[in-house]
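Reading through the C-alpha cells given below for one structure.
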Amino acid sequence: MVDADAFERFFMRWEPQVRRYLLWLEGDRSIIDDATQEAMLAAHTYWARINTFRKPEAWLFKVASQRLHRVQAARQRHGLSTDPSELPHGHGTDDVGLREKELVLLEAVRKLPAQQRTAIALRWQLDLPNDQIAVIMGVSENSVKTHLRRGRSTLETVLADVSGGER
C-alpha cells in the first residue's frame, strides 16, 4: 500500500527539481512535462520499494533521464519537433541581457556529449555531490569528475567564442 502522505511530500519536494534538471537537457516544454509526469508516475507506482532506498531521489533522477530519452525518441518517430529553443520563462527578473545569457548557456550545455551534459545539469542545477551523481548516472565518482571537468572546459571554450573572448 502506498503511504500517500510520504509520497505527497516526496512529490512536492522533488517534482520541481526533476523539471529543472530536465530543462538543462531538453528545451521543449511539452517533452519536459511528459518526461516529468512519467518519472513521477513511476515513482508513485514503485513507491513502496523506492521509499526504502537511502536516496530515493537518485532513483528518480535516473528514471527521469530514461523517460526523457523515451519521450524524445517517440516524438522523433512521429515526426514531431524536438527543437530545443523553447525555454520556459522563470519567475522574477525581466532583465533581457540575463535572459539571453541563460539561453546561450543552456544551448551550450545541450550541445555537450550526453554524459557531460547530465553531470553538469545534476551539479549546477541541483548541486548534487559527486557520489549522488555517480549513482544517478551509473558510473564511478572518478568518471563524474572527468565528465564535469571536460564539460566545464568545453563550455568555457564555447562561451568564450560566443562572447568574443569574455568569460
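Numbering starts at 1 and runs along the sequence shown.
In terms of hydrophobic clustering, with Ile, Leu, Val, Met, Phe, Trp and Tyr side chains grouped at heavy-atom distances under 4.5 Å, Tyr21 and Trp24 are assigned to a common cluster. One hydrophobic cluster, built from ILVMFWY side chains closer than 4.5 Å, holds both Phe53 and Tyr46. Hydrophobic clustering places Val109 together with Leu68 (ILVMFWY residues linked when any side-chain heavy atoms are closer than 4.5 Å, directly or through intermediates). Residue Met40 is grouped with residue Ile31 when hydrophobic side chains (ILVMFWY) are merged at heavy-atom distances under 4.5 angstrom, including chains of intermediate members. Leu41 and Met12 fall into different hydrophobic clusters, where Ile, Leu, Val, Met, Phe, Trp and Tyr side chains are chained together by heavy-atom contacts under 4.5 Å.
In plain terms, the two heavy atoms of Gln72 and Leu25 that are nearest each other are NE2-O, 4.4 Å. Pairing each heavy atom of Val63 with each of Ala39, the nearest pair is CG1-CA, 4.1 Å. Across all their heavy atoms, Ile32 and Gly27 have their closest contact at CD1-C, 4.4 Å. Counting all heavy atoms, side chain and backbone alike, Arg67 lies closest to Ala42 at NH2-CB, 3.4 Å. Nearest approach of Ala64 to Val18, heavy atoms of both residues: CB-CG1, 3.7 Å. Nearest approach of Leu128 to Arg123, heavy atoms of both residues: O-NE, 2.9 Å.
Looking at residues two or more places apart in sequence or on another chain, you find a salt bridge (charged side-chain N to carboxylate O under 4.0 Å, His left out) between Arg19 and Glu15, Asp33.
To the nearest 0.5 angstrom, Leu159 atom CG is 6.0 Å from Leu105 atom CG. Distance CG/Leu112 to CZ/Arg150: 12.5 Å, rounded to 0.5 Å. A distance of 11.0 Å separates CD in Glu26 from OG1 in Thr36, rounded to the nearest 0.5 Å. How far CD of Gln17 is from CG of Asp127: 10.5 Å, rounded to the nearest 0.5 Å. To the nearest 0.5 Å, the span separating NE2 on His147 from CG on Asn142 amounts to 10.5 Å. The OG atom of Ser65 sits 9.5 Å away from the CZ atom of Arg117 when rounded to the nearest 0.5 Å.
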- Does the pair Gln132 and Glu57 meet the rule for a side-chain contact (heavy atoms from CB on, under 4.5 Å), with working shown? CA-CA 9 Å; Gln132 286 186 29; Glu57 63 274 13; 4.2 Å; yes
- Query: Step by step, would you call Thr146 with Arg149 a side-chain contact (heavy atoms from CB on, under 4.5 Å)?
  - Reply: CA-CA 5 Å; Thr146 299; Arg149 186 183 75 252; 4.1 Å; yes
- May I have the step-by-step check of side-chain contact (heavy atoms from CB on, under 4.5 Å) for Met137 and Leu122, ending in yes or no? CA-CA 10 Å; Met137 293 179 64; Leu122 289 168; 4.2 Å; yes
- Criterion side-chain contact (heavy atoms from CB on, under 4.5 Å) on Asn130 and Leu148, from CA distance to verdict: CA-CA 9 Å; Asn130 289 349; Leu148 288 169; 3.5 Å; yes
- Query: Should Ser140 and Ser143 be marked as a side chain to side chain donor-acceptor pair (under 3.5 Å) after you check the CA-CA gap, both sets of side-chain angles, and the distance that decides it?
  - Reply: CA-CA 5 Å; Ser140 71; Ser143 292; 3.2 Å; yes
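The shortest side-chain heavy-atom distance between Leu106 and Lys111 does not fall under the 4.5 Å cut-off. Under the 4.5 Å side-chain criterion, counting only non-hydrogen atoms from C-beta, Phe61 is not in contact with Leu22. For the pair Lys55 and Val135, the minimum side-chain heavy-atom distance is 4.5 Å or more.
Using the six-membered ring where Trp is involved, Phe10 and Trp47 have ring planes that are tilted, between 30° and 60° apart.
Between the side chain of Thr52 and the main chain of Ala48, no donor-acceptor pair closer than 3.5 Å is present.
When the shell of 6.0 Å around CD of Glu38 is examined, it contains more than 12 heavy atoms from other residues, nucleotides or ligands.
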